[in-house]
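To start, the structure under review is shown below, and the notes come after it.
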There are 2 protein chains.
Amino acid sequence: MTKPATRIQQKNRTAILQAALDVFSQYGFRGATVDQIATAAGLSKPNLLYYFPSKAAIHVALLSSLLDLWLDPLRDLDPDGDPIAEILKYAAGKLDLSRDYPRESRLFANEVLQGAPRLSDGFPALKTLVDEKAQVIRTWAESGKIADIDPYHLIFLIWAQTQHYADFDVQVRAVLGHDDPYPKAAEFLDHVLRRTLTP
Amino acid sequence: MTKPATRIQQKNRTAILQAALDVFSQYGFRGATVDQIATAAGLSKPNLLYYFPSKAAIHVALLSSLLDLWLDPLRDLDPDGDPIAEILKYAAGKLDLSRDYPRESRLFANEVLQGAPRLSDGFPALKTLVDEKAQVIRTWAESGKIADIDPYHLIFLIWAQTQHYADFDVQVRAVLGHDDPYPKAAEFLDHVLRRTLTP
DNA sequence: GTCTATATCCCGATAGAC
DNA sequence: GTCTATCGGGATATAGAC
């Protein structure tokens with residue numbers, strides 16, 4: 001049972017995952033249908049279910065590969081770097097994720113919004129990482145290298161503000177028009193964080 | 001056809017809308033079932049459909065009453081008030097909405113996240129209001145009363161940061177534990193905005 | 001106005017030929 | 001590996017008695 005992994009198998013599997021990402025991120029788990037995903041992947045429905053045993057299995061496969069990607073920029077926060085530069089770099093990296101992986105952001109948002117029924121397994125690891133990095137930021141604050149702020153709410157600010165541009169894309173575009181909002185968003189976030197963090 | 005509106009009718013209608021808010025906000029439109037809503041409202045499924053012609057009609061009724069509530073604090077932004085105090089008051093009011101109406105926030109988030117198929121009618125009015133208030137903030141910035149920032153991204157920051165605590169509630173609690181996060185969130189948001197806006 | 005029973009449709013998953 | 005055909009469950013909505 002150690003999958004041989006033909007080239008054609010690999011190709012179909014990734015086509016399915018890409019199509020499922022499109023469909024799940026737009027319609028949510030319940031709202032998505034296997035038929036939609038199969039059509040988007042260029043396969044028939046039974047053929048799709050030859051590669052994945054169920055609709056839920058595809059969803060799990062997507063989610064489990066997602067959390068790591070999502071937390072990577074935070075992992076890179078360096079306790080020995082320059083505090084403000086490190087936090088700005090983190091926020092910029094997170095904003096790049098929203099710009100480059102909006103579907104993944106919306107998949108994640110859909111899941112958390114509905115109580116994270118299939119994701120809550122990942123929360124302990126998330127908490128561990130956030131606790132660790134929050135402690136780094138707190139140390140910076142206590143040593144006076146940055147302003148005295150709550151590190152957890154700072155992290156929430158960065159999450160909320162960056163993910164907003166991916167998750168609420170239609171609303172952002174309804175207000176701003178269809179020009180790329182990311183350059184100005186990056187500039188604004190930079191301004192906010194510099195002001196917030198300066199001792 | 002001008003509904004007589006018996007007391008019992010009013011009571012059932014509001015019970016249905018409250019129950020539907022619970023269910024839709026947690027499971028999304030497709031994920032919610034009429035049976036769930038009926039049970040939560042203490043009615044049988046056909047009886048529920050005596051009050052509303054369809055599942056979609058309930059959803060529409062909820063959404064259309066929602067946008068007004070959601071935009072009220074922004075409407076109150078007074079061009080003749082003290083700039084920084086006005087913006088802080090707006091942000092605090094919006095955060096109160098997240099605390100007091102988390103289900104409404106999640107209903108809205110579910111809808112926008114999925115492309116706002118049933119809400120896009122409201123976007124023009126939303127844009128008009130945002131444009132108007134952004135112009136107020138821009139005028140404040142140009143007169144040097146606040147820092148020179150982009151008013152639209154400032155509004156997005158306030159939306160994103162305040163709604164985050166309602167929409168991503170499970171994630172916030174997974175990180176912070178189950179204590180009420182709002183007092184510290186309010187304090188933090190206040191700090192961020194004062195720093196951001198000071199000329 | 002409220003119920004039981006049911007029509008009708010859609011969806012996930014399977015059977016089985018090729 | 002891929003297809004057509006179909007099963008079986010569950011959902012929305014309706015029929016019709018009370």
Side-chain angles (χ1 to χ4, degrees), chain A residues 1-63 107 110-111 114-115 117-118, chain B residues 1-63 107 110-111 114-115 117-118:
Chain A
M1 261 309 189
T2 52
K3 17 183 165 154
T6 319
R7 283 241 306 288
I8 221 171
Q9 281 180 339
Q10 288 293 352
K11 184 171 163 254
N12 276 339
R13 278 187 67 93
T14 59
I16 290 169
L17 287 172
Q18 282 298 309
L21 183 55
D22 269 338
V23 177
F24 280 136
S25 66
Q26 183 167 3
Y27 299 99
F29 181 74
R30 281 285 307 258
T33 75
V34 176
D35 248 332
Q36 270 182 298
I37 301 171
T39 302
L43 297 171
S44 69
K45 182 165 58 168
N47 197 11
L48 180 148
L49 291 168
Y50 168 81
Y51 287 95
F52 288 88
S54 71
K55 174 182 170 179
I58 310 175
H59 197 249
V60 169
L62 283 174
L63 279 182
L107 183 74
N110 260 304
E111 192 64 13
Q114 306 196 358
R118 302 168 252 282
Chain B
M1 259 311 189
T2 51
K3 14 183 168 154
T6 317
R7 284 241 306 287
I8 223 173
Q9 281 180 338
Q10 287 293 351
K11 185 171 162 254
N12 276 339
R13 278 187 67 93
T14 60
I16 290 169
L17 287 173
Q18 283 298 309
L21 183 55
D22 268 338
V23 177
F24 280 137
S25 66
Q26 183 168 2
Y27 299 100
F29 180 75
R30 278 287 307 260
T33 74
V34 176
D35 247 333
Q36 271 181 298
I37 301 171
T39 302
L43 297 172
S44 70
K45 184 164 55 169
N47 197 11
L48 181 148
L49 291 168
Y50 168 79
Y51 287 95
F52 287 88
S54 70
K55 174 181 169 178
I58 309 175
H59 197 249
V60 169
L62 282 174
L63 281 182
L107 182 75
N110 259 305
E111 192 62 15
Q114 305 196 359
R118 307 169 192 62

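Quantities reported herein were computed from a predicted structural model and do not represent experimental measurements. Only this structure's heavy atoms are used, side chains among them; waters, hydrogens and symmetry mates stay out.
- Between A:Y27 atom OH and C:dC11 atom P the separation is 12 Å, expressed in whole Å.
- Phosphate contact (OP1/OP2 of C:dC3, side-chain N/O of B:N47, threshold under 4.0 Å): present.
- When each of D:dG1, C:dG12, C:dT2 is scored by its nearest atom to the side-chain atoms of B:N12, the top-ranked nucleotide is C:dT2.
- Minimum interatomic distance between A:L49 and A:K55 (heavy atoms only, all atoms of both residues): CD2-N, 4.5 Å.
- Atom CD1 of A:I58 is separated from atom C1' of C:dG12 by 11 Å (rounded to the nearest Å).
- For B:Q9, taking side-chain heavy atoms from C-beta onward, the closest of the listed nucleotides D:dG1, C:dG1, C:dC11 is C:dG1.
- Atoms CG (B:L48) and C1' (D:dA11) sit 14 Å apart, rounded to a whole Å.
- Stacking of B:R30 on the aromatic ring of A:Y27 is not recorded, the 6.0 Å distance cut-off and the 45° axial limit not both being met.
- Smallest separation of non-hydrogen atoms from A:L107 and A:S25: N-CB, 3.9 Å.
- Comparing D:dA11, D:dT4, C:dC11 by their nearest atom to the side chain of A:S44 picks out D:dT4.
- At the heavy-atom level, B:Y51 lies under 4.0 Å from the strands shown only through sugar-phosphate atoms.
- Spacing between atom CG of B:D35 and atom C1' of C:dA5 amounts to 14 Å, rounded to whole angstrom units.
- Below 30°, between 30° and 60°, or above 60°: for A:H59 and A:F24 the angle between ring planes is above 60°, a perpendicular geometry.
- A distance-only check finds a donor-acceptor pair linking the side chain of A:T33 to the backbone of A:Q36 [under 3.5 Å].
- Residue B:R13 contributes atom CZ, which lies 13 Å from atom P of C:dT2 at whole-angstrom precision.
- If you take CG on A:L21 and CD1 on A:I58, they are separated by 12.0 Å, rounding to the nearest 0.5 Å.
- Computed from coordinates, the A:Q10 CD to D:dG1 P distance equals 11 Å when rounded to whole Å.
- For A:I16 and C:dG12, the CD1 to P distance is 14 Å, given to the nearest whole Å.
- One N or O on the side chain of A:E111 and one on the backbone of A:R118 form a donor-acceptor pair closer than 3.5 Å.
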Polar atom pairs (N or O), protein with nucleotides 13-17 of chain D, under 3.5 Å:
from	atom 1	to	atom 2	distance (Å)
D:dA13	OP2	B:K55	N	2.9

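- Between B:R30 and B:Y50, the residue whose closest nucleotide on DNA chain C is further toward the 5' end is B:Y50.
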